[in-house]
S.K.: 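Below are the C-alpha cells for one structure; questions will follow.
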Protein chains: 2
Amino acid sequence: MTFTRALPLADISPGAPAGTDQADAVACSSSMARAAIAPEHADALARSIKALADPARLRILSIVSAHADQEACVCDLTDQLTLSQPTISHHLKVLVEAGFLLRAKRGTWSYYSLVPGSLDSVAGVLVAI
Amino acid sequence: MTFTRALPLADISPGAPAGTDQADAVACSSSMARAAIAPEHADALARSIKALADPARLRILSIVSAHADQEACVCDLTDQLTLSQPTISHHLKVLVEAGFLLRAKRGTWSYYSLVPGSLDSVAGVLVAI
DNA sequence: TCCTTAGATTGACATTGGTCGATGCAGTGT
DNA sequence: ACACTGCATCGACCAATGTCAATCTAAGGA
C-alpha cells in the first residue's frame, strides 16, 4: 500500500459542460449534463477513500478527534482497539501517508492529530459527484 | 464481497460526553472530549466506504450522476471505462448492494441511477468524525 | 424457430490488504 | 553501561478484492 499523498482533491468535479457530444455515436448513449470525473482524479480520490475504508482506521480517526486536545498517543489506541501494536502502527502509517493524520514524536511517545480539513475535503468531493 | 446494505448511517457520532473517565487508568491516556465511534458503527461505515474506494466505481457514480436524466445504461459505461463488461457488471452490483445505485431493467437494457442522498449520508458522517 | 444482442453469473487467477510474532531502535531511568 | 519502555519495521500468512474469459439468461427481430 503506497498512498502517495493523494490530497489535495480540488477541481475534481469539473462542471465543464461536455458541450459537443461528438457523434453521440453508437447506440444507447443519452446526453451528458456535465463531464464525468477524470480517470486520474478517480484514482487519486480512490486512494484517499481506501485509506478510510477500514473500521480500525475509522475508529482511530474518531478516537483522535474525540480527544480533548485533538491528539492521541499510540497507547491510547492500543487501549481501545483490540488489535496488536504493530497492526495499529500499520494503520497509523496508512493514515499519515494518505494525509489524514499528523505524527509528532515527543520523547518516547508518538502523538497523532487530525490534519484539519482533510476529511472535509473528501466529503466535499463525494457530495459533488 | 457482501456489502449487506450498510446504510443508513445516522447516529454514528454520538456526542455523548464520556463524562466519567473512570480511573483515567494506566499511563498516557488524556481525557476524551466526547465518545469515539462505536465499533459496530465503524464496521458499517467501513463497508459503505469500501464500496466507494475504487476508481472504476467512482467513475461509474460520476458518469451516472453526470447524465442529463441521472440514468445510465451499462453500454454507456462500457464506452467510457476501459474494463470488460463482466467487470463493470461486478462493480455495478457492489454499488447497488451498498445502497448507492438503483437498477431499473427496461426491455433488454439495465438503467442505473443514484440513490438520492446516499453519498451525502456518507459525507456527513465523515465530517462528523 | 433461430439468431443476435444486453447484461448477469461463474470460475479461475493474480494482486492487494489486514493481521500478528519477532525484531530493531530510540529515549528514559537506574 | 544496562535494562526497560514505546513504537516502528520486517517477514510471513491468509482473506478479500479486481480482473477477465467463458458461459448463461432473457428480450427482440428475422
Side-chain angles (χ1 to χ4, degrees), chain A residues 1-4 6 26-30 39 42-43 46-60 64 71-98 101-113, chain B residues 1-4 6 26-30 39 42-43 46-60 64 71-98 101-113:
Chain A
M1 229 197 275
T2 32
F3 287 118
T4 53
V26 281
C28 47
S29 64
S30 52
D43 285 355
R47 268 193 300 275
S48 280
I49 296 180
K50 254 187 233 291
L52 301 176
D54 180 275
R57 292 199 285 270
L58 290 172
R59 292 185 65 191
I60 287 174
V64 169
E71 244 186 3
C73 70
V74 180
C75 56
D76 289 326
L77 303 167
T78 49
D79 283 353
Q80 301 189 46
L81 306 175
T82 57
L83 290 171
S84 70
Q85 176 267 319
T87 299
I88 292 177
S89 200
H90 161 71
H91 287 309
L92 287 168
K93 184 178 186 178
V94 170
L95 288 170
V96 167
E97 289 181 344
L101 282 185
L102 283 174
R103 189 168 86 102
K105 183 154 190 170
R106 291 199 294 273
T108 312
W109 291 273
S110 284
Y111 294 89
Y112 288 87
S113 60
Chain B
M1 232 199 273
T2 32
F3 287 116
T4 52
V26 281
C28 48
S29 64
S30 52
D43 285 355
R47 269 193 299 275
S48 280
I49 296 181
K50 255 187 234 290
L52 301 176
D54 181 276
R57 292 199 284 271
L58 290 172
R59 293 185 65 190
I60 288 174
V64 169
E71 243 186 4
C73 71
V74 179
C75 55
D76 289 324
L77 302 168
T78 49
D79 284 352
Q80 301 189 46
L81 306 176
T82 56
L83 289 171
S84 69
Q85 176 268 319
T87 298
I88 291 176
S89 200
H90 161 70
H91 287 309
L92 287 168
K93 185 178 186 179
V94 170
L95 287 170
V96 168
E97 290 181 343
L101 283 185
L102 283 173
R103 190 168 85 102
K105 181 152 190 171
R106 291 199 295 273
T108 312
W109 292 273
S110 284
Y111 295 89
Y112 288 87
S113 59

S.K.: Can you find a donor-acceptor N/O pair under 3.5 angstrom joining the side chain of Q85(A) to the base of dA8(D)?
M.R.: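 Checked by distance alone, the answer is yes.
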S.K.: If I take atom CZ in residue R47(A) and atom P in nucleotide dT16(C), what distance separates them, rounded to the nearest angstrom?
M.R.: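 Interatomic distance, CZ of R47(A) to P of dT16(C): 13 Å.
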S.K.: Just one of D76(B), V74(B), T82(B) clears the side-chain contact (heavy atoms from CB on, under 4.5 Å) bar with T78(B), so which one?
M.R.: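 Only one of D76(B), V74(B), T82(B) forms a side-chain contact (heavy atoms from CB on, under 4.5 Å) with T78(B), namely V74(B).
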S.K.: Looking at S89(A), does any N or O in its side chain come under 4.0 Å of the phosphate oxygens OP1/OP2 on dA8(D)?
M.R.: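 Yes, within the criterion.
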S.K.: Indicate, with a heavy-atom threshold strictly under 4.0 Å, whether K105(B) touches base, sugar-phosphate, or nothing.
M.R.: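 Nothing, no nucleic acid heavy atom in range.
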S.K.: Please report the distance, rounded to the nearest Å, between NZ in K50(A) and P in dG18(C).
M.R.: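 These atoms are roughly 10 Å apart.
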S.K.: Kindly say if R103(B) contacts the phosphate of dG7(C), meaning a side-chain N or O under 4.0 Å from OP1 or OP2.
M.R.: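 Answer is no, no contact under 4.0 Å.
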S.K.: At less than 4.0 Å, is any side-chain N or O atom of S84(A) found next to OP1 or OP2 of dG21(C)? Yes or no.
M.R.: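 False: S84(A) side-chain N/O out of range (4.0 Å or more) of dG21(C) OP1/OP2.
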S.K.: Please check the phosphate of dG18(D) (OP1 and OP2 only) for any side-chain N or O of R57(B) closer than 4.0 Å.
M.R.: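 R57(B) to dG18(D) OP1/OP2: side-chain N or O found under 4.0 Å.
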S.K.: What heavy-atom pair brings L95(A) and A51(A) nearest, and what distance separates the two atoms?
M.R.: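 Of all heavy-atom pairs spanning L95(A) and A51(A), the closest is CD2-O, 3.7 Å.
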S.K.: Just the rounded figure in Å: distance from P of dG18(C) to CG of L81(A).
M.R.: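 About 14 Å, once rounded to whole Å.
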S.K.: Keeping the roles fixed (side chain from R57(B), backbone from V94(B)), state whether a donor-acceptor pair exists under 3.5 Å.
M.R.: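 It does not hold such a pair.
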S.K.: Got H91(B) and L77(B) here, is their nearest side-chain heavy-atom distance under 4.5 Å?
M.R.: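 No, their side chains stay 4.5 Å or more apart.
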S.K.: Side chain of P86(A) only, heavy atoms from C-beta on: which candidate in dT9(D), dG7(C), dG18(C) is closest?
M.R.: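 Output: dT9(D).
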S.K.: Do the side-chain N or O atoms of T87(A) get closer than 4.0 angstrom to the phosphate oxygens (OP1, OP2) of dG18(C)?
M.R.: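 Result: no.
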S.K.: Can you work out whether T108(A) or A56(A) has the more 5'-proximal nearest nucleotide on DNA chain C?
M.R.: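 Here A56(A) is the residue nearer the 5' end.
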S.K.: Please determine whether a side-chain nitrogen or oxygen atom of S110(A) lies at a distance below 4.0 Å from atom OP1 or OP2 of dC7(D).
M.R.: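 Result: no.
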S.K.: Provide the closest heavy-atom pair for V64(A) versus A72(A) in the form atom of the first, atom of the second, distance.
M.R.: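 Distance-wise, the nearest heavy atoms are CG2-CB, 4.0 Å.
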S.K.: Between H90(B) (NE2) and dC13(C) (P), how many Å, whole number?
M.R.: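 Computing the H90(B):NE2 to dC13(C):P distance gives 18 Å.
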S.K.: In whole angstrom, give the distance that lies between atom CG of L52(A) and atom C1' of dG17(C).
M.R.: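 Spelled out: CG on L52(A) to C1' on dG17(C) is 15 Å.
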S.K.: CD1 of I88(B) versus P of dG7(C): gap in Å, rounded?
M.R.: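 I88(B) atom CD1 is separated from dG7(C) atom P by 10 Å.
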S.K.: Rounding to a whole Å, what distance do you find between D79(B):CG and dG7(C):C1'?
M.R.: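 After rounding, the gap between these two atoms is 14 Å.
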S.K.: Report yes if at least one side-chain N or O of Y112(A) is closer than 4.0 Å to OP1 or OP2 of dA8(D); otherwise report no.
M.R.: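 Yes.
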S.K.: Could you check how far CG of L92(B) sits from P of dA6(C), rounded to whole Å?
M.R.: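 Checked: the CG to P distance equals 16 Å.
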